[in-house]
Chemist: 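There's a structure below that I have some questions on.
In what follows, every chain begins at residue 1, and chains take the letters A, B, ... in the order their sequences are listed. Quantities reported herein were computed from a predicted structural model and do not represent experimental measurements.
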There are 2 protein chains.
Amino acid sequence: MKSLHAYLNRYVSALISEKDFEMIAGHFTPMELKKKQYLLKEGQVIDFFAFIVKGAMRKYYIDDKGKEHVINLYIENWWAGDRESFALLTPSRYYIETCEPCEILVITRENKEKLCRECPVFNEFILKLDEKYSVASQKRIASSISSSARERYDDFAARYPEFLQRFPQHLIASYLGITKDTLSRVLKQ
Amino acid sequence: MKSLHAYLNRYVSALISEKDFEMIAGHFTPMELKKKQYLLKEGQVIDFFAFIVKGAMRKYYIDDKGKEHVINLYIENWWAGDRESFALLTPSRYYIETCEPCEILVITRENKEKLCRECPVFNEFILKLDEKYSVASQKRIASSISSSARERYDDFAARYPEFLQRFPQHLIASYLGITKDTLSRVLKQ
DNA sequence: CCTCATTATCGTCATTTGTCTACGTTTTTT
DNA sequence: AAAAAACGTAGACAAATGACGATAATGAGG
């Protein structure tokens with residue numbers, strides 16, 4: 001829980017009191033996952049988000065030709081989930097699978113909504129997180145429509161250097177929307 | 001203002017009272033723009049969002065090779081702005097230019113924050129809008145990393161058929177991350 | 001109605017990226 | 001330790017897309 005506390009403090013305008021944080025922490029459930037275990041499978045409705053305390057995961061989907069496409073990569077201090085399924089209660093199109101053994105903190109929809117209502121500092125955090133996510137999405141879109149494979153990789157490596165150590169190249173390639181072969185070629189220069 | 005009222009009602013759980021809407025409307029300023037006029041230019045800090053009552057716009061940026069890339073297309077009932085600059089007070093990297101004469105309703109950052117604090121129904125609307133935007137971004141990313149030019153166009157045409165009538169092909173091509181030539185070719189089949 | 005800018009298309013050629021198969025290495029599992 | 005799976009690289013070829021110049025069609029503005 002320490003790591004959640006430190007993480008939240010980086011988002012809000014004033015440090016979170018012990019009392020507030022106790023309340024927040026009480027709405028999360030710790031869980032452990034082994035390597036290659038699924039947090040979510042296609043077709044399920046996901047009613048929680050997971051904060052990653054330790055470990056790494058990826059979110060991907062399988063297209064109509066049977067190919068996997070990595071949508072997100074997650075490590076410590078990231079949130080794993082599917083907002084569409086979470087918000088609209090629809091079956092997810094995604095898989096979320098661990099790439100390493102993981103320790104996570106899970107919060108259900110009910111608890112999240114309750115915290116947002118009853119704990120202003122948590123609500124502030126959620127707003128900031130949304131903002132950050134929205135800005136990051138915009139940048140990823142801009143990069144994907146205007147840059148070559150090489151440029152996208154360089155952007156990625158500059159923005160998320162830790163990820164290069166944590167995920168095999170073919171997953172990063174998939175995340176960038178290119179094949180592992182192309183990435184391998186492009187890196188040789 | 002009628003159109004803003006109707007639009008907001010589509011997002012919130014209970015219809016917005018006359019009184020609430022009067023308060024909301026009081027925080028917006030109507031404006032008109034001619035064709036090819038700029039709402040935002042690169043380097044400016046934007047401290048407002050614009051709700052489009054009538055007309056069409058595009059947001060784009062110019063890369064280091066001098067090429068334009070369309071990031072967003074907007075028509076009636078869309079919001080034009082740059083969330084990064086708006087939230088972080090940083091100079092924008094984007095241009096927002098009208099493609100048709102426009103009527104818009106402008107809300108400043110201060111007014112938006114005030115409304116969120118003082119008008120619960122407006123706050124609810126903002127949360128829903130964020131959600132919708134987040135889901136749409138995710139889908140656009142998924143499409144851009146996993147689909148061919150043709151598939152991306154088909155997705156786009158299916159999701160936003162009105163846009164095909166409102167924007168010239170080369171802008172749609174740019175939005176999809178392909179050249180106008182490729183789109184023209186791809187459509188011939 | 002005329003003019004000029006905008007837009008769409010076409011052909012050719014270059015470049016990028018994908019596909020497939022193979023191979024060697026490393027890592028994981030048994 | 002042995003076997004199996006996962007991973008990165010390589011080469012040859014195919015397919016998709018970009019770049020460029022030319023031209024025709026369209027539409028807006030005077």
Chemist: Using atom CD of A:E97 as one end and atom P of D:dA6 as the other, report the distance to the nearest whole Å.
Modeler: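 For the pair A:E97 CD and D:dA6 P, the rounded distance is 10 Å.
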Chemist: Axis-to-axis angle across the helix from C:dC1-D:dG30 to C:dT30-D:dA1, five pairs an end, to 10 degrees?
Modeler: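 Roughly 60°, once rounded to the nearest ten degrees.
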Chemist: Please answer whether the main-chain N or O of B:E42 pairs with a side-chain N or O of B:S92 as donor and acceptor at a distance below 3.5 Å.
Modeler: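 It does not hold such a pair.
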Chemist: Using the side chain to side chain donor-acceptor pair (under 3.5 Å) rule, pick out the option among A:K139, A:K132, A:Q138 that qualifies with B:E84.
Modeler: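 Answer after filtering A:K139, A:K132, A:Q138: A:K139.
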Chemist: Quick one, which residues of residues 61-76 of chain B touch DNA chain C with a heavy atom under 4.0 Å?
Modeler: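 Those residues whose heavy atoms fall under 4.0 Å from DNA chain C, taken from residues 61-76 of chain B, amount to none.
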Chemist: Classify the ring geometry of A:F49 against A:W79: parallel below 30°, tilted from 30° to 60°, perpendicular beyond 60°.
Modeler: perpendicular
Chemist: B:K36 NZ to D:dG29 C1': how many Å, rounded?
Modeler: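 So the NZ-C1' distance, B:K36 to D:dG29, works out to 12 Å.
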Chemist: Compare side-chain N and O positions of A:Q169 against OP1 and OP2 of D:dA6 and report whether any pair is under 4.0 Å apart.
Modeler: no
Chemist: Would you call B:E32 and B:K54 a side-chain contact if the rule is heavy atoms closer than 4.5 Å?
Modeler: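 No, their side chains stay 4.5 Å or more apart.
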Chemist: According to side-chain contact (heavy atoms from CB on, under 4.5 Å), who are the partners of B:I75, at least two apart in sequence or on a separate chain?
Modeler: B:A56, B:W78, B:E162, B:F163, B:R166, B:F167
Chemist: State, yes or no, whether a side-chain contact exists between A:Y133 and B:S134 at a heavy-atom distance under 4.5 Å.
Modeler: yes
Chemist: Would you call the rings of A:F28 and A:F122 parallel, tilted or perpendicular, taking 30° and 60° as the class edges?
Modeler: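 A:F28 vs A:F122 ring planes: perpendicular.
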Chemist: Between A:D154 and A:R150, is there a salt bridge with N-O shorter than 4.0 Å?
Modeler: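 Answer for the salt bridge query: yes.
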Chemist: Just to verify, what does A:E113 make a side-chain contact (heavy atoms from CB on, under 4.5 Å) with, not counting sequence neighbours?
Modeler: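 So A:E113 forms a side-chain contact (heavy atoms from CB on, under 4.5 Å) with A:R109, A:R117.
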Chemist: Identify, with sequence neighbours excluded, every residue that meets side-chain contact (heavy atoms from CB on, under 4.5 Å) alongside A:P101.
Modeler: A:K35
Chemist: In terms of side-chain geometry, is the basic nitrogen of A:R83 or B:D130 positioned less than 4.0 Å from the acidic oxygen of its partner?
Modeler: no
Chemist: Would you kindly give the CD1-to-P distance between A:I172 and D:dC7, to the nearest whole Å?
Modeler: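 Taking atom P of D:dC7 as the reference, CD1 of A:I172 is at 12 Å.
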Chemist: Considering residues at least two apart in sequence or located in another chain, which fulfil the side-chain contact (heavy atoms from CB on, under 4.5 Å) criterion with B:E22?
Modeler: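 By the side-chain contact (heavy atoms from CB on, under 4.5 Å) rule, B:E22 matches no residue at all.
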Chemist: Can you sort out the partners of A:Y160 under side chain to side chain donor-acceptor pair (under 3.5 Å), two or more places apart, ordered by chain and number?
Modeler: none
Chemist: Where along residues 177-189 of chain A does a heavy atom come under 4.0 Å from DNA chain C, residue by residue in number order?
Modeler: A:G177, A:I178, A:T179, A:D181, A:T182, A:R185
Chemist: Does anything in residues 138-146 of chain B come within less than 4.0 Å of DNA chain C? Heavy atoms only, and list the residues if so.
Modeler: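 Here the set is empty: none.
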Chemist: Using only heavy-atom distances, determine whether the side chains of A:S137 and B:S137 contain a donor-acceptor pair under 3.5 Å.
Modeler: no
Chemist: Could you identify which residues of residues 155-165 of chain A place a heavy atom less than 4.0 Å from some atom of DNA chain C, listed by residue number, or say none?
Modeler: none
Chemist: Decide, yes or no, whether a salt bridge links B:R58 with B:E97 under the criterion of side-chain N to carboxylate O below 4.0 Å.
Modeler: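 So B:R58 pairs with B:E97 through a salt bridge.
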Chemist: Going by side chain to side chain donor-acceptor pair (under 3.5 Å), name the residues that satisfy it together with B:D63, two or more places apart in sequence or in a different chain.
Modeler: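 B:D63: side chain to side chain donor-acceptor pair (under 3.5 Å) contacts with B:H69.
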Chemist: Can you say whether the rings of B:F125 and B:Y11 are parallel (under 30°), tilted (30 to 60°) or perpendicular (over 60°)?
Modeler: perpendicular
Chemist: To the nearest angstrom, how far is B:H170 atom NE2 from D:dG27 atom C1'?
Modeler: 14 Å
Chemist: Can you pull the contact range of chain A along DNA chain C, 5' to 3', using atoms under 4.0 angstrom from its heavy atoms?
Modeler: C:dT17 to C:dT28
Chemist: Are A:E124 and A:S13 close enough that a side-chain donor and a side-chain acceptor fall under 3.5 Å?
Modeler: yes
